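Order of the sequence lines sets the chain letters (A, B, ...), proteins ahead of strands, with each chain counted from 1. Model, not experiment: these values are computed from the prediction.
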Protein chains: 2
Amino acid sequence: MTKNFFNDRTKKLWHLWDCRPCNKNPESDHIETREKILIAAFEEIYEHGYQAASLSNILKNTEATKGALYHHFKNKKELGYAVLDEVVCESYMDSWIRPLENIDDPITVIKELLTDYAEMATQDDIRRGCPLHNLAQEMSPIDDDFRERISKAYTDWQKAIENAFEQGKKAGNVNPSIDSKSLALFFVATLEGCMGMAKTTQSITTLTCCGEALLERVESLRPKFISSET
Amino acid sequence: MTKNFFNDRTKKLWHLWDCRPCNKNPESDHIETREKILIAAFEEIYEHGYQAASLSNILKNTEATKGALYHHFKNKKELGYAVLDEVVCESYMDSWIRPLENIDDPITVIKELLTDYAEMATQDDIRRGCPLHNLAQEMSPIDDDFRERISKAYTDWQKAIENAFEQGKKAGNVNPSIDSKSLALFFVATLEGCMGMAKTTQSITTLTCCGEALLERVESLRPKFISSET
DNA sequence: CTTGACATACATACCGGTTGGTATGCAAAC
DNA sequence: GTTTGCATACCAACCGGTATGTATGTCAAG
């Protein structure tokens, strides 16, 4: 039951990314209250951004009180960090880092991840965009602690893609002459740009149009020789 | 003198984009007060975002008072719209729309615009990113009036690139088989993504790395036949 | 088996500061 | 004498944060 709670959590809030496994003691009420606040905080920040997120609103959407919030989190910034680390980054681990570990055909896998996303994206997902990107654009220029955490998350993401490209080269599924590191960075930047544009127009057409152009680019990274397998 | 004021304005605030020509009556003090508030408002919004922008801060950075502000602007939203329309969008007109009008070799021109930007960008420009993108990401999900204005700005930008591609096709400088409209959209999305990523890492290296990948992509849009001119 | 000491996990009430916004005053221009 | 272009003073609402109270443990000493 508590397991289901954790499973439902991200599914409900941000259903595109699978939920991280629950690695905390599910018996304790302590955790549940903290989790409830964390969920509501993620929702509020995802909707309004960190600076405009209201602690009162967060508490209104839980049955918790200000005493509970300040018992579990030192202040608003620590709450923001917890949302970033425990909700946003963990989701990225599950959706983009772990699926790229120990695979031989990264181009196919990346294309699957992209098309899966495009198919599952609801209007509301498109409207609110990518949580990591939102925080990055809002907080990077004005808070170095936020910026460093976000920057590390992006670096991890890029590293995962870069490693996948390198492993793909060894398996003969990726053009060995490409610069894995640069293209991993460019891929992440482009993907965020596409999702940001779709967020602005609030149209799935924008997302698919940009997505197809990105797919085409990814496909072009395959080896140049004609594949022996038809 | 007043002409210089307008020239200095955007040069100082957002020096990467040339300033729009002054099309208002420079004699009137009325305009000067309004302009001063508009400048300070742009600065404040550019630095902290629209929602976190403080009217008190804006007034502190001018010699104007709250009475002056509310004399010229109905409320905070109207001030935000004025900043968007009169400062941000006008700058984009000068830096990206007008340079693409009536040209035969769009790929060369676009590459010049990109490299010019990368060379002129200061650390502070990179830190604060693209003003249009910032507003787009912050306001699109929560305010439809903002969203429609920003969406139109992006559409105008894309149209300018699309038209330039089409004219380039006629002149034989662009591969006639490309989808001008889709690629214009993809180009804008990618460019914003690259600038957003550089903003997060706060490193020029990121900007140049992404920029080179983008340049490469743009270059690939030239006609496939070997050019007769060496 | 009970009792006192201490810790955990909140709940309630309150605080000073800041927010966007307004009502009024008033000198200069027309 | 009316309108324009501000300046000053003031406002209720909300902000993040804190001080204090309290119910429910935990645990070792007697």
Side-chain angles (χ1 to χ4, degrees), chain A residues 2 5 24-45 47-84 86 135 138-139 142-143 145-146, chain B residues 2 5 24-45 47-84 86 135 138-139 142-143 145-146:
Chain A
T2 314
F5 168 72
K24 290 177 186 169
N25 179 2
E27 265 76 54
S28 166
D29 280 354
H30 169 197
I31 300 280
E32 283 214 7
T33 300
R34 207 190 108 102
E35 274 290 309
K36 260 161 50 177
I37 294 173
L38 211 55
I39 292 173
F42 170 78
E43 268 285 355
E44 175 79 5
I45 292 173
E47 185 70 31
H48 299 103
Y50 170 79
Q51 297 179 94
S54 152
L55 299 185
S56 315
N57 259 352
I58 292 170
L59 296 173
K60 207 185 295 169
N61 292 331
T62 63
E63 278 95 49
T65 61
K66 197 159 272 194
L69 195 158
Y70 276 89
H71 173 73
H72 290 288
F73 306 95
K74 211 180 97 189
N75 49 34
K76 192 188 179 186
K77 268 184 78 171
E78 296 292 330
L79 175 60
Y81 295 156
V83 166
L84 177 57
E86 299 177 37
L135 277 173
E138 179 190 5
M139 299 308 292
I142 57 175
D143 186 300
D145 292 326
F146 261 109
Chain B
T2 314
F5 168 72
K24 290 177 185 168
N25 180 3
E27 266 77 52
S28 166
D29 280 353
H30 169 198
I31 300 278
E32 283 216 9
T33 300
R34 209 190 106 103
E35 275 290 309
K36 257 159 53 174
I37 294 173
L38 210 55
I39 291 173
F42 169 78
E43 269 285 357
E44 176 79 6
I45 293 174
E47 184 70 30
H48 299 103
Y50 170 80
Q51 297 179 93
S54 154
L55 299 186
S56 315
N57 260 351
I58 292 171
L59 296 173
K60 207 184 297 170
N61 293 331
T62 63
E63 279 97 47
T65 62
K66 196 158 273 193
L69 196 158
Y70 277 89
H71 173 74
H72 289 288
F73 305 96
K74 210 181 98 190
N75 49 32
K76 192 187 178 185
K77 270 183 75 171
E78 296 292 331
L79 175 60
Y81 295 157
V83 166
L84 177 57
E86 299 177 38
L135 277 173
E138 180 189 3
M139 299 309 292
I142 57 175
D143 186 299
D145 292 326
F146 261 108

Is the base of C:dG21 touched by the side chain of B:Lys66 through a donor-acceptor pair closer than 3.5 angstrom?
yes
Closest approach to the side chain of A:Thr65, judged atom by atom: which nucleotide of D:dA7, C:dC10, C:dA11 is it?
C:dA11
The nucleotide from C:dG20, C:dT12, C:dA9 with an atom nearest the side chain of A:His71 is C:dA9
Which whole-number value in Å describes the distance from A:Lys36 NZ to C:dA11 P?
8 Å
Of the nucleotides C:dA11, D:dG5, D:dG16, which has the atom closest to the A:Ser54 side chain?
D:dG16
Nearest-angstrom distance from the residue atom CD of A:Glu32 to C1' of C:dA9
14 Å
Grab the CG-P distance between B:Leu59 and C:dT19 for me, whole Å please.
11 Å
Whole Å only: how far is the NE2 atom of A:His48 from the C1' atom of D:dC15?
15 Å
Closest approach of B:Ile45 and B:Leu135, non-hydrogen atoms and distance?
CG2-CD2, 4.0 Å
Between A:Leu55 and A:Gly67, the residue closer to the 5' end of DNA chain D by nearest nucleotide is A:Leu55
Does A:Lys76 make a cation-pi contact with A:Tyr50 (under 6.0 Å, within 45 degrees of the axis)?
yes
Are the side chain of B:Glu138 and the backbone N or O of A:Glu138 linked by a donor-acceptor pair below 3.5 Å?
no
Want to settle it: does B:Ala64 or A:Lys77 sit nearer the 5' end of DNA chain D, counting the closest nucleotide to each?
B:Ala64
Taking C:dT19, C:dT22, D:dC15 as options, the one with an atom nearest any side-chain atom of B:Ser56 is C:dT19
Side-chain N or O of A:His72 closer than 4.0 Å to phosphate OP1/OP2 of C:dA9
no
Atom pair distance, as rounded to whole Å: NZ in B:Lys76 and C1' in C:dT18
12 Å
Taking CG from B:Asn57 and P from C:dT19, how many angstroms apart are they, rounded to a whole number?
6 Å
Any donor-acceptor N or O pair under 3.5 Å, side chains A:Gln51, B:Gln51
no
Report which part of the nucleic acid A:Ala52 touches: base, sugar-phosphate, or nothing (heavy-atom distance under 4.0 Å, all strands).
nothing
Is there a side-chain contact between B:Thr65 and B:Leu59, using heavy atoms and a 4.5 Å cut-off?
no
Would you mind reading off the distance between B:Leu79 atom CG and C:dT19 atom P, rounded to a whole angstrom?
14 Å
Using whole Å, report how far OH of A:Tyr70 lies from P of C:dA11.
15 Å
